[in-house]
Amino acid sequence: MGMDLLSNLALGFQTIISPQNLLYCFLGALIGTLIGVLPGIGPVQTIAILLPTTFALPPVSGLIMLAGIYYGAQYGGSTTSILVNVPGEASSVVTCLDGYQMALQGRAGAALTVSALGSFVAGCFATFLIALLAVPLSELAFRFGPAEYFSLMVFGLVGSIVFASGSPLKAIGMILLGLLLGMVGTDVTSGVQRFSFGIPELADGLGFVPLAMGLFGISEIVKSLERREKREIIKSRLSGFWLKKKDIKEVTPAVARGTFIGSFLGILPGGGAILSSFISYMVEKKVSRNPESFGKGNICGVASPESANNAGAQTSFIPLLTLGIPSNVIMAMMAGAMMIHGIQPGPRVISSNPDLFWGVIASMWVGNFMLVILNLPLIGIWVKLLSVPYRILYPAILLFCCIGIYSINNNVFDIWLTALLGFLGYLFVKLECEPAPLILGFVLGPLMEENLRRGMLISRGDPSIFFTRPLSLAFLIMAFILLIVIAVPAIRKKREEAFREEA
Amino acid sequence: MKTWNKRCFPMTIVLVFILFLMGVLPGMAQEIKGPIRIIVPYAPGGSSDIIGRLIADKLKDILGQPAIVENKPGAGGRIGAEYAKNQPPDGSSMLVMNPALFVVSPLVYSKLGYDPDLDFTPVSQVQVYHFVLSVPATSPIKDVKGLMDWIKKNPKQANFGSPAAGSLPHFFGLMIGKYAGVEMVHVSYNGSGPLITALMGGHIPMGVDTYDAQSRYHPEKIRILATAGTSRKHPDIPTFKEMGYEIEGVGWNGIVVPSKTPKPIVDQLSQALVKIMKIPDVRQKLEQMGAEATGTTAEEFAKIIKQDRERWGPIIKASGFKAD
């Protein structure tokens, strides 16, 4: 096994080290970083546009470039989240929570550095994991039937209350609203349209990008019209590019936890990278000694989800490379890129195209290295962006948002939708309701419902399917424990207040 | 002489130009002016997108006009179809479509944004793909007969998966249940990927999908019991027909244009597509993906659409499936 791995990796590095492949790897990483930074324009649209150009390349070079765009976007996506509270990518929504607060405190440089380094560590580890354990790990996805998915989602939903840094009641309200919004569109089980009001654009549900962009980005821009003076605070305290010793000590375990969670969740089909950043944030807040500092600029709240989403992006290649099963839209396009070259993505790729399999894996490590080299010097430039006057910066961001949102489906409807959701987001700000639990409810809700109904169909209406399967039961027990852990302090607090009032 | 020149020269030019236009315009109306847009109503990377790109690539050589793919995804292809019907009917825009859009949707939607017959004219069916019935590789079921026996013996576990509710594989599965005399429960997934994962994990006992989506996992991870076309797709996998089951039906992709497109242009496009689908390189690429190039004339294609409506219509109606 050890020798095999070495010779396989050698083959991989031999493939990537050719000047042509290095060039495409670099191009991919560079394009990925850039589109990651541009809000709204995500890897999905970019890969869609560049897909035809890869048909003219050798398959390995094409895949290396596309892969580079994908994980490069995870690197770049955090930039606008931190600087202006606009998530550049779906998976960097969580980074807004503490990253932007850090920027307001003048620690934008530190936040960007920790997200780049965390991503690098996570990327390297995940690559290593793929090289070592891709095949056995791919079997993990099979263990997840409807019951397991449902219970995992229950766990995630219970945990999402943790996202509230304010009132837990409001957080629960937002989660429920998120679940409701997630129901819009075609029901997977019956094929029936729900809440689409006869509008074909709503048949696929509300888009994640318009929702995240509206609730975070647009509402932040609207809000900023109210306050003029805050700007000065950011400018005056632009110190601390580099991490302090204390930060490093604090961040290291957070990066490790994020990497682990991301690597695991990335393998599961469905929104792996998004889910991993949310769940790692949840875990981080739970294990932290001062959870109340989350949402107010805790560096671990940036480090962990950033590591998680990059690790998740990397390991989401496992099902595609080992089994040929795309775990998300991007992987589906990669499968298309392989097919056009006559390579059947499937269990036979490892043996029939070892250079492709190991070449792509080796390119991930090389690409991650390039990304960190590319990104660290860029941090200074990004931070300088903050000194661009808002009257120029914000219209520019709005413009990019519009282009990006339009390019998802080539449809103007999505821009209107984003504007509407932006208004809703502003209302939430005014009502002090946090959008993060809503977004998590929106992501998890449909997955939970789909799998609940699938499970019940398969068991012919017998709910014991969720308790008799060990993995599923484990998640349910974890959810229950988490519920108690969250509820007990809240109840105690209430009782103390009641006592005080009596006294 | 000089004044004549001054006055009349521009006039002559205008006159010549008008005469030129008069001579050329009627001819031009029958010519396809590029760039040609092939509207794919799905996201890039899928089978409709790949066939669209293969056609675009060859069409530009045959017609001498640039041809590009325009992805217009959403609502299972219905947004793209609605968009395509309003494009200029001059041969510069065509739509890649399939039975879901032209056979199933008109039956299950009370409000559909397009009328397959009034808004479009068929040009050519370009490829067919065969449906398959498969079980996990670890399943004790070895052939179709064994499966039918198993269904009869275990009606309570007789669930089948399909890549989507209201897809042809969904209705195909119902046909199989009808054959076994058992009402099977349909479990729908979000596309072929999740369906195959569920099959490999043994979460459902059987699945119906297309040959191109499943062939690459046979026989290591899943076992394809039979294909549904008229001839074998794989030397070792029998067809339903040869095993004595009258279960037939294929899926396909085809090209249509807005209905006001003049007949000569439709014919020209149709001939071009017939030619393209005969190019060895195109056939081979589709073959590698498990699909089959056809390339029919416009008339043949119109007949296929009609036949498919007659074939699937009763089954879809009997299932009671309604989407809105």
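Labels below follow one simple rule: chain letters A, B, ... track the order of the sequence lines, proteins then strands, and each chain is numbered from 1.
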Answer key: most heavy-atom pairs under 4.5 Å with chain A among Ala198(B), Gly201(B), Gly113(B), Ser47(B) is Gly201(B)
For the candidates Lys111(B), Lys285(B), Arg53(B), which exhibits the highest count of non-hydrogen atom pairs separated by less than 4.5 Å from chain A?
-> Arg53(B)
Which one, Met334(A), Arg453(A), Glu201(A), leads in non-hydrogen pairs under 4.5 Å with chain B?
->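 Heavy-atom pair counts peak at Glu201(A).
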Heavy-atom pair count under 4.5 Å with chain B, highest-scoring of Ala203(A), Ala337(A), Gly191(A), Gly205(A) =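 Sorted descending by pairs with chain B, the first entry is Gly191(A).
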Nearest non-hydrogen partners of [X] and [Y], listed with the distance:
X         : Y         : value
Pro200(A) : Ile79(B)  : O-CD1, 3.6 Å
Asp204(A) : Gly74(B)  : OD2-CA, 2.9 Å
Ile458(A) : Tyr189(B) : CD1-OH, 4.3 Å

Spacing of [X] atom [atom1] and [Y] atom [atom2] [to the nearest 0.5 Å]:
X         : Y         : atom1 : atom2 : answer
His203(B) : Glu148(A) : NE2   : CD    : 6.0 Å
Asn190(B) : Arg454(A) : CG    : CZ    : 6.0 Å
Lys156(B) : Asp462(A) : NZ    : CG    : 11.5 Å
Ile204(B) : Leu457(A) : CD1   : CG    : 11.5 Å
Ser190(A) : His186(B) : OG    : NE2   : 10.5 Å
Asn410(A) : Ile39(B)  : CG    : CD1   : 11.0 Å

With a 6.0 Å cut-off (strictly less than), is the heavy-atom count around [atom1] of [X], excluding the residue itself, greater than 12?
X         : atom1 : answer
Glu220(B) : CD    : yes
Arg460(A) : CZ    : yes
Lys317(B) : NZ    : no

With a 4.5 angstrom heavy-atom cut-off, which part of [X] approaches chain A: side chain, backbone, both or neither?
X         : value
Ala323(B) : both
Glu82(B)  : side chain
Ser167(B) : neither

